[in-house]
Structures are given as C-alpha cells and as structure tokens.
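Here's the structure we're looking at; comments come further down.
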Amino acid sequence: MIRQIISTADGSHTVAIPQMGVTYHSHHGAVQESLHVFIEAGLYWRLGLTRQATEAGAHNSSEPASGQTSKQPLHIFEMGFGTGLNAYLTALAAERLQCPIHFTAVEKFPLSAEEASGLNYATENPELFRQLHDAPWEQPVAINPLFSLRKSNTDLLAFSPNQPFDLIYFDAFAPTAQPELWTEAVFSQLYQQTNPGGVLVTYCSKGVVRRAMQAAGFTVTKIPGPPGKREMVRAERRS
C-alpha cells in the first residue's frame, strides 16, 4: 500500500492512499476537522462542556450531558488510530481539563515510524505525539497520569474490548471506500460495547448510515459539520 503525506487547507498534514482515492482527513483541514468532529462535538459534549468554557479553562454552569464529571475516568474508543491525531488532541484535552482518559484504538494498517515522524501535528507537545506512536501494541500503556492508551493491530469486527465505552470516535474511511464498516451489524456491535449514556460521533451523515445506527438502537442527531461539510452525526445510547 502506497501512502503519501500531503498538506490540507489549514496547513496540517494528512495521509493519502492514491490507489483507493482516500485521505485520512478532510482536504479542508485535518486538525480543524478532528477538533470539530471528535473533540468539540464528542469529548466536550460528552463532558457537558462548551468550547468557550474549555478555552477559558473553566467548566460551564450546566451539568454534564450524561452525568460524567471531569474527575471520573472516561473510556474512549477510536475506530482507526490512523495518524494518531485524534488520540493526540484527546491527550492534550485530558491535560487541559484534568480529566483522566483511557483511550483504546484499533488500526489494521499502522503507519511506520518514518511516516509518523513526517507529520506536523505536534507543535504543542512533540514528545507526547512520539509516545503515542512508540507505545507497544496490544497492551495498555500509561502515557502520563491522565492518559492511557491501548492500540490493537486488528480489524474492528475481530476486536473485543475489556470494558464498555463512554465515547466512540468512528473515523473509518467513507462508506464508498469501506462499506463493510458502516452497516447495522457493525453499529449493533458498537451499541453493545457502549455504556448507557454513551455517545458515538462521526463525520459521515449519509441517510443509509443514520438508518443503520438507528436500527442498531442509537438515537441519531445531525449537527453542523466541520469546514467543508454541512453536517455530521452524533449518536447516543440512551438506555
């Protein structure tokens, strides 16, 4: 598989696979897409926070959306570790919010150390980014006191978690490239692996995807998408 590192509109890198016609992130901006879809619409929302409050270093006055406090460990699952960008931004947020996070990710085709070192995300904390990629696979690793990581080099359908999750980052390639990952069967598996009150976020808002999520039991809401995309999806397991 030939992979190429390319720049996106916000100056951050993504990885392209020319023969598949896919990129790991939006051409409109890799970092701004990840921040919008997974950190703001996922992590912040799950903790009952607003972007303004977190940037100000304080919680808003409302209760967390699902009863989660920033002192309770949050279990996050990512479909597709990829470039490590979502894990990196989440680890930075864990430190900023002082929220302990256990992060689990599956990735069938990991980047090489050389490919990961060519990415330009880690301006804030390059050592943290390196630690995420250097962490061994198939075992939990304490990256720091607030963030632990378990990477699994396997297919989503073959993965069995050790505990249910509070938040899922569903970051597979688009349904046109990986249709087998956007089915009712897959979302039923993820629904069973999600705690009541748990949330799944993804950039994809296609009708067939929303219907598959709803058939699996999720309550699905379309919300504003990142730059270059009108809508995205947030799905909740309410019971």
(message) If we ignore hydrogens and angles and just use 3.5 Å, is the side chain of Ser152 paired with the main-chain N or O of Val106 as donor and acceptor?
(response) no
(message) Could you check whether atom CD of Glu124 has more than 12 heavy atoms from other residues, nucleotides or ligands sitting under 6.0 Å from it?
(response) no
(request) Indicate yes or no for a side-chain donor-acceptor contact from His28 to the backbone of Asp10 under 3.5 Å, with no hydrogens or angles considered. (result) no
(request) Examine distances only and state if a side-chain atom of Glu95 and a backbone atom of Leu92 form a donor-acceptor pair shorter than 3.5 Å. (result) no
(request) Might you point out which heavy atoms bring His133 and Thr83 nearest each other, and give the distance in Å? (result) NE2-O, 2.7 Å
(message) Let me confirm one number: the CG-CG distance from Leu132 to Leu149, rounded to the nearest 0.5 Å.
(response) 6.0 Å
(request) Could you go through the salt bridge (charged side-chain N to carboxylate O under 4.0 Å, His left out) check for Lys151 and Glu107 one step at a time? (result) CA-CA 7 Å; Lys151 300 184 295 185; Glu107 177 58 60; over 6 Å; no
(request) Please name the pair of heavy atoms, one in Glu78 and one in Asp171, separated by the smallest distance, quoted to 0.1 Å. (result) OE2-OD2, 4.2 Å
(message) Could you measure the distance from the CD atom of Glu40 to the CG atom of Leu43? Nearest 0.5 Å is fine.
(response) 10.5 Å
(message) So does Glu184 get a backbone contact from the side chain of Gln189, meaning a donor-acceptor N/O pair under 3.5 Å?
(response) no
(message) Give me the atom names and distance for the closest heavy-atom approach of Ser34 to Asn86.
(response) OG-OD1, 2.9 Å
(message) Minimum heavy-atom separation for Tyr24 and Gly82, please, with both atom names.
(response) CE2-CA, 3.7 Å
(message) Using a 3.5 Å distance criterion without hydrogens, assess whether the side chain of His13 forms a donor-acceptor pair with backbone atoms of Gly118.
(response) yes
(request) For a side-chain hydrogen bond (donor to acceptor under 3.5 Å, both in side chains) with Thr14, tell me which candidate from His27, His25, Glu33, Gln4 qualifies. (result) His25
(message) Treating His102 as the side-chain partner and Phe77 as the backbone partner, does any N or O pair qualify as donor plus acceptor under 3.5 Å?
(response) no
(message) With heavy-atom distances below 4.5 Å as the criterion, would you say the side chains of Asn195 and Phe165 are in contact?
(response) no
(request) Indicate, with yes or no, if the rings of Phe38 and Tyr169 have centres closer together than 6.0 Å. (result) yes
(message) Restricting to non-hydrogen atoms, name the atom on Trp182 and the atom on Phe173 that form the minimum distance, rounded to 0.1 Å.
(response) NE1-O, 2.8 Å
(message) Please check: side-chain N/O of Ser148 versus main-chain N/O of Ala142, any donor-acceptor pairing under 3.5 Å?
(response) no
(message) Consider side chain to side chain contact (heavy atoms under 4.5 Å, CB included). Of Arg234, Met232, Arg230, Glu231, which one does Ser205 pass it with?
(response) Glu231
